[in-house]
Number of protein chains: 2
Amino acid sequence: MPRTAAGLVRQHGPGALTTRGLAAEPGTAVTSVHWHVGGREALLGALAERTVAGLGGFRPTGRTPEQRVLSVARALRRRLRDRPHPAALVHERGLTDRMFLPARRVLAREAHAAGLRGERAAEFVRAVRFQVVGHVLVERERAPARHPAGEESWGAVSAGDDPALARAPAHPVDTERLLTTPVGALVRALPAAREELPCADGHPGSR
Amino acid sequence: MPRTAAGLVRQHGPGALTTRGLAAEPGTAVTSVHWHVGGREALLGALAERTVAGLGGFRPTGRTPEQRVLSVARALRRRLRDRPHPAALVHERGLTDRMFLPARRVLAREAHAAGLRGERAAEFVRAVRFQVVGHVLVERERAPARHPAGEESWGAVSAGDDPALARAPAHPVDTERLLTTPVGALVRALPAAREELPCADGHPGSR
DNA sequence: ACCTGAACACCGTTCAAGT
DNA sequence: ACCTGAACACCGTTCAAGT
């Protein structure tokens, strides 16, 4: 059970953060937290800012643009998944763009390396942002309520002719592939996605 | 200003729904709404169910699997965007899977038509679900707080050699393309994505 | 500068009591 | 069966008052 506001949001989400509960722990008065941080909204805003600031940078790994873009997408996914509640808080407060900034830098470089220029490169980077952030937001969904319709539907599409599809949702899903497959397809559609980079173009960690 | 609970959530989100406010409008007592719908949580649950039920079916248009899958993705995006708050409510309550059910049926058919079978088809359909739902959740972000870092960053990646990329976020973004581009790339990676379907396979609205 | 208690205006929910 | 008022346990916030 965390005592700090950050730990509270991290573990149980913004809904668990109350000014009164916060003050009750160290035994201070409710109103003092107001004096210090300026109220609940301001505190959540500060936590969102802290999350953005603490996200860190990215060092793409791999030789092709596809590998390198995927490594960034995976790293960002992992960091956001580690803190789903703060990540959603950042998103709700309109700070996603700034949170994505470190990743955007390296992705823009990869887009250039893959042959994209100008508005096309910008759109590619935006598409990756939507991919990763959307993926994390979707995955944050709480365990779906068990409902008979879930099983029935897969079977209905093709009862006998594809048994593997019919029982598809039975075994666990590799959610990381649900991000890497589309992002990979996105990169592979680029002009020079598969050419190896001979360490040119000034890549920092391209090895 | 909507008087109904559904209209309230549709326009201003779940946060705007209070049992007291709801009872105050027709002049009844606060406790009567409790008797009728069983409390605030139950009411939100019923609204989520209603949203799922009212989503409707899908008729893919176009000749190739790519066109047909994209038409479904666009249609689902449009319906969810029309009701961002109810859509988020559905997601928060773990009903996304059931909400996606009508789309899943037709997408599974398209996956089959494009040459996918079994677990691969199921993963394709799941990927499209993540795409569309994630896209809508990301786009629901409130207008980002204007911050100087936003402009600076694009320029920093390559100041002089790509002016179009540097000023990229200046003009408005076509967000629909941020969905259709990745989904299109995803479909085009399939075995028979570009072959026309000669109305075989029992498609209902294939022409 | 820092913290306090009292007070205000909200919540959701329960429950015994009415008709 | 349907609705009520009173009451309880929570909220966030303000503000004058203390030290």
OP1 or OP2 of dA1(D) under 4.0 Å from side-chain N/O of His36(B):
no
List for me each residue that meets side-chain contact (heavy atoms from CB on, under 4.5 Å) alongside Thr180(A), sequence neighbours excluded, and say none if there are none.
Leu70(A), Arg74(A), Glu176(A), Arg177(A)
Measure all distances between protein nitrogen or oxygen atoms and nitrogen or oxygen atoms of nucleotides 12-16 of chain C, and list the pairs falling under 3.5 Å.
unit_1, atom_1, unit_2, atom_2, d
dG12(C), OP1, Thr19(B), N, 3.1
dG12(C), OP2, Thr19(B), N, 3.1
dG12(C), OP2, Thr19(B), OG1, 2.8
dG12(C), OP2, Arg20(B), N, 3.3
dG12(C), N7, Arg20(B), NH1, 2.4
dG12(C), O6, Arg20(B), NH1, 2.9
dT13(C), OP2, Arg40(B), N, 2.9

Partners meeting side-chain contact (heavy atoms from CB on, under 4.5 Å) with Ser32(A) (sequence neighbours left out):
Thr28(A)
Expected rows: protein N/O vs nucleotides 17-19 of chain D N/O, under 3.5 Å:
none

Filter on salt bridge (Lys or Arg N to Asp or Glu O under 4.0 Å), then keep only pairs touching residues 34-44 of chain B, sequence neighbours left out; what's left?
Glu41(B)-Arg93(B)
Here the salt bridge (Lys or Arg N to Asp or Glu O under 4.0 Å) pairs for residues 79-89 of chain A, sequence neighbours left out, are Arg81(A)-Glu139(A)
With sequence neighbours excluded, tell me which residues meet side-chain hydrogen bond (donor to acceptor under 3.5 Å, both in side chains) with Ser71(A).
none
Please identify each residue that fulfils ring pair (Phe, Tyr, Trp, His ring centres under 6.0 Å) with Phe130(B), with sequence neighbours left out.
His135(A)
Holding to side-chain hydrogen bond (donor to acceptor under 3.5 Å, both in side chains), I want the full list of residues that pass it with Arg10(B), two or more places apart in sequence or in another chain.
none
Pairs counted only when both distances fall under 3.5 Å, Watson-Crick or G-U: show me the 5' to 3' dot-bracket for DNA chain C, [ ] for pseudoknotted crossings and | for other-strand partners.
||.|||||...|||||.||
Return the value, rounded to whole Å, for the distance between atom CG of Leu44(B) and atom P of dC11(C).
14 Å
Sorted by chain and residue number, the side-chain contact (heavy atoms from CB on, under 4.5 Å) partners of Ala16(B) (sequence neighbours excluded) come out as Leu8(B), His12(B)
Set of side-chain contact (heavy atoms from CB on, under 4.5 Å) partners for His91(B), sequence neighbours left out
Val138(A), Glu141(A), Thr96(B), Val133(B), Leu137(B)
For residues Val33(A) and His36(A), determine if any side-chain heavy atom of one lies less than 4.5 Å from a side-chain heavy atom of the other.
no
